[in-house]
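One structure is given here, and the rest of the page talks about it.
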Amino acid sequence: MSNIIECNNLSYSYSNGKQEMPVLQNLNLSVDQGESVAILGQSGCGKSTLLNLLGGMDEPSSGTVLINNTNLAELSEEKTTQLRAQHLGFVYQFHHLLKDFSALDNVAMPLLIQGENKQTSKEKSKQLLESVGLKNRIEHLPAELSGGERQRVAIARALITNPSCLLADEPSGNLDAKNALDILELITDLNQTQHSSLVIVTHDEKIASKMQRVLILENGQLKQS
Ligand SMILES: Nc1ncnc2c1ncn2[C@@H]1O[C@H](COP(=O)(O)OP(=O)(O)O)[C@@H](O)[C@H]1O
Ligand SMILES: [Mg+2]
């Protein structure tokens, strides 16, 4: 099997203490190594919830999530974190950069966490920031960058570990058309040059049309578009 991500009969409900609110209901998905998938769906249909489950940031109410053929439910929290760090990169709608750290330090962080030495981490991060067009912004803090630049830093941070799969939650959702296109190019390049899988949540049909497969999340399940 070459699935990087697989989920079977995945269900998830939020509970407010009194009431259960089902969001995902017996959802199935498998993503091959190297495959690119767009997930479209109306606001509130559960797209972010799904990505959080795929990334092991949250636990399903029922059903299973497998990353690289390993069932997350069978792993300790620590092992889940390791598996995630080894295989997945995340890009959020809002960059989630650490505000007191430079672009360089934000990008280097995942490598340092993996135990890479400081010098190598910084060198690799510098190269990657250059390749996303931020050569002259390396020492800038997030507050000193434009929205598009911040999102490029966030993408570099997600890519620095060469993840087998990139999970992106509306990565260009808060950017103008030009910046959104640049971000899309960066992400699709990765898919082609590194054979990484992509799972992109978007409401932009143009972005979706560049992916090999387009799925729609509706009534808690994924359907072919
Ligand atoms: N922490 C939470 N507690 C309760 N309900 C939530 C929570 N997070 C999201 N929801 C609800 O779950 C549904 C799906 O949310 P979400 O996955 O963020 O949707 P999307 O990303 O597709 O816009 C929405 O109706 C939302 O209001
Ligand atoms: Mg969302």
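As the structure lists them, so they are numbered: ligands from 1, and atoms in each ligand from 1. Atom set for the values below is all heavy atoms of this structure, side chains included, hydrogens, waters and symmetry mates excluded.
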For [atom], find the nearest protein heavy atom and state the residue, atom name and distance (0.1 Å precision).
atom: atom 19 (O) of ligand 1; result: Gly46 N, 3.3 Å
atom: atom 18 (O) of ligand 1; result: Ser48 CB, 3.8 Å
atom: atom 12 (O) of ligand 1; result: Tyr14 CE1, 3.2 Å
atom: atom 11 (C) of ligand 1; result: Met21 CE, 3.6 Å

| request: Of all the heavy-atom pairs spanning Leu50 and Ile39, show the shortest one and how long it is. | output: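 Taking every non-hydrogen atom into account, CD2-CD1, 3.9 Å.
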| How far apart are the closest heavy atoms of Lys99 and Leu141, and which atoms are they? |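 Closest heavy-atom pair between Lys99 and Leu141: O-CD2, 4.0 Å.
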| Listing by chain and number, what protein N/O/S atoms are under 2.8 Å from the Mg ion (ligand 2)? |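 Protein N, O or S atoms closer than 2.8 Å to the Mg ion (ligand 2): Ser48 OG.
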Could you tell me if [Y] and [X] have a donor-acceptor pair between their side chains, going purely by distance under 3.5 Å?
X: Ser48; Y: Asp169; answer: yes
X: Glu123; Y: Gln119; answer: yes
X: Asp58; Y: Tyr12; answer: yes
X: Thr188; Y: Asn191; answer: no
X: His195; Y: Gln33; answer: no

| message | Test: side-chain hydrogen bond (donor to acceptor under 3.5 Å, both in side chains). Region: residues 208-221. Which pairs qualify, not counting sequence neighbours? | response |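 Listed once each, the pairs are Glu35-Arg213, Glu218-Lys223.
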| message | So, 4.0 Å and heavy atoms of Glu170: is ligand 1 close enough to count as a contact? | response |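 Distance cut 4.0 Å: Glu170 fails for ligand 1.
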| query | Does Gly41 come within less than 4.0 Å of ligand 1, judged by its heavy atoms? | reply |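 In this structure, Gly41 fails to qualify as a contact of ligand 1 - no heavy atom is under 4.0 Å.
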| message | Can you classify the ring geometry of Tyr92 versus Phe90 as parallel (below 30°), tilted (30 to 60°) or perpendicular (above 60°)? | response |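 The rings of Tyr92 and Phe90 lie parallel, inter-plane angle below 30°.
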| Counting only non-hydrogen atoms of the protein, does one fall under 4.0 Å from atom 14 (C) of ligand 1? |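 Yes.
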| Any sub-3.5 Å donor-acceptor pair from Asn26's side-chain atoms to Leu10's backbone N or O? |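 Flag not set: sc Asn26 to bb Leu10 has no pair under 3.5 Å.
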| query | What are the atoms of ligand 1, with element, lying closer than 4.0 Å to any heavy atom of Ser43? | reply |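 Near Ser43, meaning under 4.0 Å from one of its heavy atoms, ligand 1 has 23 (O).
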| field | Under 4.0 Å to a heavy atom of Val23 - the qualifying atoms of ligand 1, by number | value |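 Near Val23, the atoms of ligand 1 are 12 (O), 13 (C), 14 (C).
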| query | Which one of Ile39, Leu40, Thr49 has a non-hydrogen atom at the shortest distance from atom 17 (O) of ligand 1? | reply |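 Considering heavy atoms of Ile39, Leu40, Thr49, the nearest to atom 17 (O) of ligand 1 sits in Thr49.
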| Can a salt bridge be assigned to the pair Lys135 and Glu130 using a cut-off of 4.0 Å between side-chain N and carboxylate O? |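 No, no charged N to carboxylate O under 4.0 Å.
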| query | Is there any N or O on Gly44 that sits under 3.5 Å from an N or O of ligand 1? | reply |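 Between Gly44 and ligand 1 (N or O atoms, distance only) the closest approach is under 3.5 Å.
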